[in-house]
Amino acid sequence: MALVPYEEGGGWTARQLHSPWATFHFASRTIRLQQDWRRLGVAAVVWDAAVVLCAYLEMEGIDLRDRSVIELGAGTGLLGIVVTLLGPKESAGVRALHSTCCARVTITDRAAALELLESNVQANLPPELRPRAVVKELTWGKDLDNFSPGAFDLILGADIVYLEETFAELLQTLEHLCSERTVILLSCRIRYERDLKFLKMLRERFSVSEVHYDSSKDVHIYKAQRGSRKDDL
């Protein structure tokens, strides 16, 4: 799951997390997501890192057409939904004819989060795009046989770097899913020393650069690729 710390007494932020719904506007659509803090905790609320990464993908105009994309620790599904919606800029009247050009998106999390995740995905994608998004269970380091090695062009993760005991499994998962052409985008806040430790571990396996920083939300976006490759998306 996308695990991040929860700070008591957070005022507006705390109220937002406990709200049963969260609403966003991306890809010319309103996205309304169900949240369930009481039942699922941190995996069932939208965090700033996901919002910032969605905005980055949209603002940069990154071409996602016919790309194979996987999101790790998807939580409520905002990022995976937005990636599925981002595609050819045709008018709504002809979009259905070109839906096969949109990204093929695999949206993953642990078993406990899948029911809420699937519900949000189905509720926020138009019928012609639903076949392009698949919700699957993935526990890092444990379900890798269900995913073809190196099968993805783009790997996304928002606020998934937090628990130090998951770092090795997360890195194992990234290495399994990556090919030489794969681009990894991870968005996060740097809250603790252990977060920097993960970045160090990531740099030992991948070429890593910071591609964006949102100072208003204190969120960094890092890009990683195998070896010394620095391909654009």
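Below, each value reflects all heavy atoms present in this structure, side chains not excepted, and no hydrogens, waters or symmetry copies. This is a predicted model, so every value here is computed, not measured.
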Quiz item: Between K136 (side chain) and N146 (backbone), is there a donor-acceptor pair under 3.5 Å?
Solution: yes

Practice problem: Calculate, to the nearest 0.5 Å, the distance between atoms CZ and SG belonging to F152 and C178 respectively. | Solution: 10.5 Å

Quiz item: Does S179 have any side chain to side chain donor-acceptor pair (under 3.5 Å) partners at least two apart in sequence or in another chain, and if so, which?
Solution: R181, T182

Quiz prompt | K223 NZ/CZ over F206 ring centroid, <6.0 Å and within 45° of normal | solution = no

Quiz item: Is a side-chain N or O of R104 found less than 3.5 angstrom from the main chain of A133, in a donor-acceptor match?
Solution: no

Practice problem: Could you point out which residue of L156, L186, I155 forms a side-chain contact (heavy atoms from CB on, under 4.5 Å) with L72? | Solution: I155

Practice problem: Mark yes or no for whether H176, through its side chain, and L144, through its backbone, hold a donor-acceptor pair below 3.5 Å. | Solution: yes

Quiz prompt | Pair F147-T173, side chain to side chain contact (heavy atoms under 4.5 Å, CB included): steps then yes or no | solution = CA-CA 10 Å; F147 298 84; T173 301; over 6 Å; no

Quiz prompt | Residues D66 and R132 bridged, charged N to O under 4.0 Å | solution = yes

Quiz prompt | Under 3.5 Å side-chain donor-acceptor pair for Y213 and D218 | solution = yes

Quiz item: Under 4.5 Å between any side-chain heavy atoms of L33 and W21, yes or no?
Solution: no

Quiz item: Rounded to the nearest 0.5 Å, how far does CG of L114 lie from OG of S119?
Solution: 12.0 Å

Quiz item: Got a sec, which pairs hit salt bridge (charged side-chain N to carboxylate O under 4.0 Å, His left out) with one end in residues 141-152, sequence neighbours left out?
Solution: none

Quiz item: When you measure from the side chain of T106 to the backbone N and O of I70, does any donor-acceptor pair fall under 3.5 Å?
Solution: no

Self-check item: N120 side chain to T76 backbone, donor-acceptor under 3.5 Å
Solution: yes

Self-check item: Exam field: side chain Q225 to backbone V183, donor-acceptor pair closer than 3.5 Å
Solution: no

Practice problem: Tell me, please, which residues at least two apart from Q172 pass side chain to side chain donor-acceptor pair (under 3.5 Å). | Solution: none

Practice problem: Would you list the pairs meeting salt bridge (charged side-chain N to carboxylate O under 4.0 Å, His left out) in which at least one residue belongs to residues 72-85, sequence neighbours left out? | Solution: none

Practice problem: May I have the step-by-step check of side chain to side chain contact (heavy atoms under 4.5 Å, CB included) for L57 and V82, ending in yes or no? | Solution: CA-CA 9 Å; L57 292 171; V82 170; 5.8 Å; no

Quiz item: Do you know the tightest heavy-atom contact between S68 and A151?
Solution: OG-O, 3.3 Å

Practice problem: State which residues pass side chain to side chain donor-acceptor pair (under 3.5 Å) with H212; sequence neighbours excluded, sorted by chain then number. | Solution: none

Quiz item: Between the main-chain N or O of L163 and the side-chain N or O of R194, is there a donor-acceptor pair closer than 3.5 Å?
Solution: no

Exercise. Return the minimal non-hydrogen interatomic distance between D195 and R191, and the atom names on each side.
Key: OD2-N, 2.7 Å

Practice problem: Report, as yes or no, whether the 6.0 Å neighbourhood of atom CD on E204 holds more than 12 heavy atoms from other residues, nucleotides or ligands. | Solution: yes

Quiz item: Okay, side chain of D109, backbone of G75: is any donor-acceptor separation there less than 3.5 Å?
Solution: yes

Quiz prompt | N/O donor-acceptor pair under 3.5 Å between Q35 side chain and V46 backbone | solution = yes

Practice problem: Nearest 0.5 Å please: distance from the CG atom of L78 over to the CG atom of L117. | Solution: 11.0 Å

Quiz prompt | Test ring pair (Phe, Tyr, Trp, His ring centres under 6.0 Å) applied to F198 - qualifying residues, sequence neighbours left out | solution = F167

Practice problem: Check whether any side-chain N or O of R205 sits under 3.5 Å from a backbone N or O of M201 as a donor-acceptor pair, and report yes or no. | Solution: yes

